[in-house]
Trainee: 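If you scroll down you'll find the structure; I have some questions about it.
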Amino acid sequence: MIKITLKGGTVKEYEAGVTAAEVAKDLGAGLYKAACAAKIGNKLVDLRTPITEDCELAILTFDDDEGKRAFWHTASHLMAQAVQNLFPAAQCTIGPAVDGGFFYDFAVEKPFTAEDLVKIEAEMKRIVKEGAELTRFELEPAEALELMKNNKFKTELINEHAGKGEKISFFKQGDFTDLCAGPHLPDVSRIKAFKLTSTTGAYWRGDSTRDNLCRIYGTAFPKASELDAYLEAVEEAKKRDHNKIGRELHYFCTADVIGQGLPLLMPKGAKLFQILNRYVQDKEENEYGYVMTRTPLMAKSDLYKISGHWDHYKDGMFVLGDEEKDKEVYALRPMTCPFQYNVYLSEMHSYRDLPMRYGETSTLFRNEASGEMHGLIRVRQFTISEGHLILRPDQLEQEFKNCVRLIQEIMTDIGLINDISYRFSKWDPNDTEKYIGTADMWNEAEGLMRNILDDMNMKYIEEIGEAAFYGPKLDVQMKNVHGKEDTLCTVQIDLMLARQFDMTYVAQDGTKQYPYIIHRTSLGCYERTIALLLEKYAGAMPMWLSPEQVRVLPIGDAQSEYANGVLAKLKKAGIRCTIDERREKIGYKIREAQMEKIPYMLVIGDKEVEALSVAVRSRSAGDKGTMSIDEFVSLAKKENDEKTLA
RNA sequence: GCUUCUGUAGUUUAAUGGUAAAACAGAUCAUUCGUAAUGAUCCGUUGUCAGUUCGAUUCUGACCAGAAGCUCCA
């Protein structure tokens, strides 16, 4: 007999060799029916796994993240089976669970169409009705290769696993067998509600030089109502898409003749940019000891050769001129680093001068691949709150922490602090081509960063191969309405580029030393942040970020003089406001202001003129009644100055 | 760059191998109105370039642009 400790600390005894499924059944029929996978200790296992020794056991259902993934993963096998039945020539490759569902990649002659998806769904329904059990079995690599000999993709995977001396595990349901590590549901019939959402291209193993596969995305749930709720939530989220709302509300637009990835900020977008920019610059200068630079938007290729960009990033740069023909070739800058380094290089620095904190509102140009552009989130020209800190090694920790603190303060003020996550982006030691410097330097830089992050008790995920070519990064990540994650801000430790540029300081002992460098952004890329703010607030910007904060709405011409007086008072108080003096009904003017999501409307009629007051309407709370002009001005000013987010 | 899809007025949407429709927006006129749409009149369009055709917005191709995904993202 073995002792199994369950959730909540209950201990039960079972025969050795009992499976997790059997334990679940023993605990309750409901739990058994809902079980998707299990966890023994910290190890995720299939429900069929026999348990041979004392352990902690958790039965995972669809409500657990890992249970969901097993559910979706099984759904992907179900889909693969349906595809195999309908398109026998389609070769299966891989099909994992992802956030919100699953996909499966197939090698096919002709990509699937929307009609094909409908047929595949119908076939899946038929299979579910039959209700095949899934069974797991293992083979020696040679046997596995024999079984999958007609599938070059599976063969490649088997050979890789075999190289590690592993047995090869398979899952089989009905007549469909797939190479897979699991875990899986015991039975496909549990997958009651599913939808195939889209079909797209994908590369084998994510490598653009290899086979182009056809991917089908889908999602699945135990209940139809859950599926409906999910699909509705996805639709709702899309309504907040900055690319839609930002254009509708006239924050930005694009023009075919100007080019891809080159959005135009309209007056409202430009105003929001200015609000954020002034706020960031003031904060950096007044609270964090930055000095500003203003450096050129382009440079000779020589500069990028020193920085390493010419070797590591030339494809991503807009080069002006022809290297073959022209004596000198220029390129638009894809980053600010070497420009600010040259500011540093222009004079001698003592250890007493450090840290030097250079900030710049910096416009950059990156020649992104044509399929990459997305609204304001991925563009070819953008402006970031750039900064480089030149430091002595002993200053690294403090300065790094301050960079993180600055970011956190800004994220708090603009209301995104609870929407961001942190990523520790490391180099890939197996892909040294992409990086400069030695393994020792990388280990040192990453060790320094890890210590600081842990010292700050920061929660972060680690990602290999996401580092900059010159150093590790702490990336501040945020998801857009489509669930796609992008980097908002970054703080990077660079022990390498000071050497490339021969940047030095004179130490206490008179020797020349190489400084450490921190590359960082505080608010990140303005365009991207504006995009994510639009999505966060569905266009209804908090007062302090609203391009137009108050609109004065006189009911008729008779109130014009008084209304303009109110406008002047607001302007004097620094409130961004306009007046709508058109001869329209008040309901019409209100509707427009409401749809433009202006925080406050001030209705002015004879009563207000008489009482020297204003009738306040808020976009969220509606008619708030009348108050004196001064009362409203101080209320508006307070909300603006305190950066109220509600 | 790759896969799939899309492109009709400023915007949202309709229709068609044979003169392209509506709403909103805009302009003009009238209306001076109390918390989400006053009325009338006018204005304006098939992304671009080729091809097929007597005739193309419709079919085909290329290009341009947009969407989702892949790849990429210093």
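Here is the naming used below: chain letters follow the sequence lines, and residue numbers restart at 1 for every chain. Given the structure is predicted, the values throughout are model-derived calculations rather than measurements.
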Trainee: Could you work out, with ring pair (Phe, Tyr, Trp, His ring centres under 6.0 Å) as the rule, every residue matching Y460(A), not counting sequence neighbours?
Mentor: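 Once residues adjacent in sequence are excluded, the partners of Y460(A) under the ring pair (Phe, Tyr, Trp, His ring centres under 6.0 Å) criterion are F424(A).
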
Trainee: Please report, rounded to the nearest Å, how far the P atom of rC5(B) is from the CG atom of L117(A).
Mentor: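 In whole Å, rC5(B) P and L117(A) CG are 11 Å from each other.
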
Trainee: Remember a base hit wins even if backbone is also touched, and classify R215(A) as base, sugar-phosphate or nothing at under 4.0 Å, heavy atoms.
Mentor: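 Answer is sugar-phosphate: R215(A) comes under 4.0 Å of backbone atoms only.
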
Trainee: Between C1' on rU3(B) and CH2 on W204(A), what's the gap in Å once rounded to a whole number?
Mentor: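 Rounded to the whole Å, the gap is 17 Å.
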
Trainee: Which pairs with one or both residues in residues 592-607 of chain A pass salt bridge (charged side-chain N to carboxylate O under 4.0 Å, His left out), sequence neighbours excluded?
Mentor: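 Residue pairs with at least one partner in residues 592-607 of chain A: R551(A)-E596(A), R582(A)-E592(A).
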
Trainee: Taking the C1' atom in each of rG47(B) and rA40(B), what is the distance between them to the nearest angstrom?
Mentor: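 Comparing C1' positions in rG47(B) and rA40(B) gives a spacing of 35 Å.
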
Trainee: Using the P atom as the reference point in each nucleotide, state the distance between rA21(B) and rG17(B) in Å, no decimals.
Mentor: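 Per the computed distance, 16 Å lies between those P atoms.
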
Trainee: Given the C1' atoms of rC43(B) and rA9(B), what is the spacing between them in whole Å?
Mentor: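 Comparing C1' positions in rC43(B) and rA9(B) gives a spacing of 10 Å.
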
Trainee: For the residue pair H388(A) and Y344(A), is the inter-centroid distance of their aromatic rings smaller than 6.0 Å?
Mentor: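 When the ring centroids of H388(A) and Y344(A) are compared, they turn out to be at least 6.0 Å apart.
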
Trainee: Of the residues in residues 470-489 of chain A, which ones touch RNA chain B at a heavy-atom distance under 4.0 Å?
Mentor: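 Y470(A), K473(A), H482(A), in order of number.
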
Trainee: Got a sec, which residues hit salt bridge (Lys or Arg N to Asp or Glu O under 4.0 Å) with K195(A), two or more places apart in sequence or on another chain?
Mentor: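 Per chain and number, K195(A) pairs via salt bridge (Lys or Arg N to Asp or Glu O under 4.0 Å) with no residue.
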
Trainee: Base, sugar-phosphate alone, or nothing: which one does I586(A) contact when heavy atoms must sit under 4.0 Å apart?
Mentor: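 Sugar-phosphate, no base atom in range.
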
Trainee: Identify whether the distance between the nearest side-chain nitrogen and carboxylate oxygen of D486(A) and R378(A) falls below 4.0 Å.
Mentor: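 A salt bridge is absent here (no side-chain N lies under 4.0 Å from a carboxylate O).
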
Trainee: Side-chain N or O of N243(A) versus OP1/OP2 of rA67(B): is the shortest distance under 4.0 Å?
Mentor: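 N243(A) to rA67(B) OP1/OP2: side-chain N or O found under 4.0 Å.
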
Trainee: Using the salt bridge (Lys or Arg N to Asp or Glu O under 4.0 Å) criterion, which residues pair with K238(A)? Sequence neighbours excluded.
Mentor: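 Scan of K238(A) (salt bridge (Lys or Arg N to Asp or Glu O under 4.0 Å), adjacent residues dropped) gives E235(A).
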
Trainee: Let me know the distance between CZ of F112(A) and P of rC5(B), rounded to the nearest Å.
Mentor: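 The answer, rounded to whole Å, is 14 Å.
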
Trainee: To the nearest angstrom, how far is N367(A) atom CG from rU71(B) atom C1'?
Mentor: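 From N367(A) CG to rU71(B) C1': 15 Å.
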
Trainee: With rounding to the closest Å, how many angstrom separate the C1' atoms on rU45(B) and rU58(B)?
Mentor: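 Going atom to atom, C1' in each nucleotide, I get 15 Å.
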
Trainee: When all nucleic acid strands are considered with a 4.0 Å heavy-atom cut-off, which category describes P334(A): base, sugar-phosphate, or nothing?
Mentor: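 Touches a base.
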
Trainee: Hey, are D99(A) and K479(A) close enough for a salt bridge, meaning a charged N less than 4.0 Å from a carboxylate O?
Mentor: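 Salt bridge between D99(A) and K479(A), a charged N being under 4.0 Å from a carboxylate O: yes.
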
Trainee: For F106(A), enumerate each residue passing the ring pair (Phe, Tyr, Trp, His ring centres under 6.0 Å) test, keeping only those at least two apart in sequence or located in another chain.
Mentor: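 Expected list: Y104(A), F112(A).
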
Trainee: Whole angstrom is fine here: how far is it from NE2 in H374(A) over to P in rU71(B)?
Mentor: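 Those two atoms, NE2 and P, are 17 Å apart.
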
Trainee: To the nearest Å, how far apart are E372(A) CD and rU3(B) C1'?
Mentor: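 Nearest whole value for this atom pair: 13 Å.
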
Trainee: Please state the P separation for the pair rC70(B) and rG44(B) - nearest whole angstrom.
Mentor: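 Per the computed distance, 45 Å lies between those P atoms.
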
Trainee: R582(A) has a side chain; which of rG26(B), rU4(B), rA67(B) sits nearest to it?
Mentor: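 Looking only at heavy atoms from C-beta outward on R582(A), the closest nucleotide is rG26(B).
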
Trainee: Dump the pairs, protein N or O against N or O of nucleotides 60-65 of chain B, anything under 3.5 Å, distances to one decimal.
Mentor:
from, atom 1, to, atom 2, distance (Å)
rA65(B), O2', D256(A), OD1, 3.0

Trainee: Give the rounded distance in Å between these two atoms: NZ of K624(A) and P of rA36(B).
Mentor: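 One finds 16 Å between P of rA36(B) and NZ of K624(A), rounded.
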
Trainee: For the side chain of Y203(A), counting heavy atoms from C-beta on, which of rA36(B), rA68(B), rC2(B) is nearest?
Mentor: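 For Y203(A), the side-chain atoms sit closest to rC2(B).
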
Trainee: Report the residues that fulfil ring pair (Phe, Tyr, Trp, His ring centres under 6.0 Å) with Y217(A), sequence neighbours left out, ordered by chain and then residue number.
Mentor: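 F103(A).
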
Trainee: Which residue pairs satisfy the ring pair (Phe, Tyr, Trp, His ring centres under 6.0 Å) criterion with at least one member in residues 595-619 of chain A, sequence neighbours excluded?
Mentor: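 Qualifying pairs, neighbours excluded: Y600(A)-F632(A).
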
Trainee: Taking only the side-chain nitrogens and oxygens of S370(A), find out if one of them lies under 4.0 Å from OP1 or OP2 of rG1(B).
Mentor: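 True: S370(A) side-chain N/O within range (under 4.0 Å) of rG1(B) OP1/OP2.
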
Trainee: Is A468(A) touching bases, backbone alone, or none of the nucleic acid, heavy atoms closer than 4.0 Å?
Mentor: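 Sugar-phosphate: the residue A468(A), judged by heavy atoms under 4.0 Å, touches backbone atoms but no base.
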
Trainee: Quick check on contacts: within residues 601-614 of chain A, what sits under 4.0 Å from RNA chain B by heavy-atom distance?
Mentor: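 Those residues are V603(A), G605(A), D606(A), K607(A), E608(A).
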
Trainee: Check the distance between rU12(B)'s P and H250(A)'s NE2 and give it to me in whole angstrom.
Mentor: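 In whole Å, rU12(B) P lies 11 Å from H250(A) NE2.
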
Trainee: Both distances under 3.5 Å, Watson-Crick or G-U wobble: on that basis, could you give the dot-bracket string for RNA chain B, with [ ] for crossing pairs and | for other-strand partners?
Mentor: (((((((..((((....[..)))).(((((.......)))))....(((((..]....))))))))))))....

Trainee: If you restrict it to nitrogen or oxygen atoms, what contacts under 3.5 Å exist between nucleotides 37-43 of chain B and the protein, and what is each distance?
Mentor:
from, atom 1, to, atom 2, distance (Å)
rA37(B), N7, R591(A), NE, 2.9
rA37(B), N7, R591(A), NH2, 3.3
rA37(B), N6, R591(A), NH2, 2.2
rA37(B), N1, R591(A), NH1, 3.1
rA37(B), N1, R591(A), NH2, 3.3
rA37(B), N3, R591(A), NH1, 3.3

Trainee: Is the phosphate of rC70(B) approached by Y217(A) (side-chain N or O, under 4.0 Å from OP1 or OP2)?
Mentor: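 Yes, within the criterion.
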
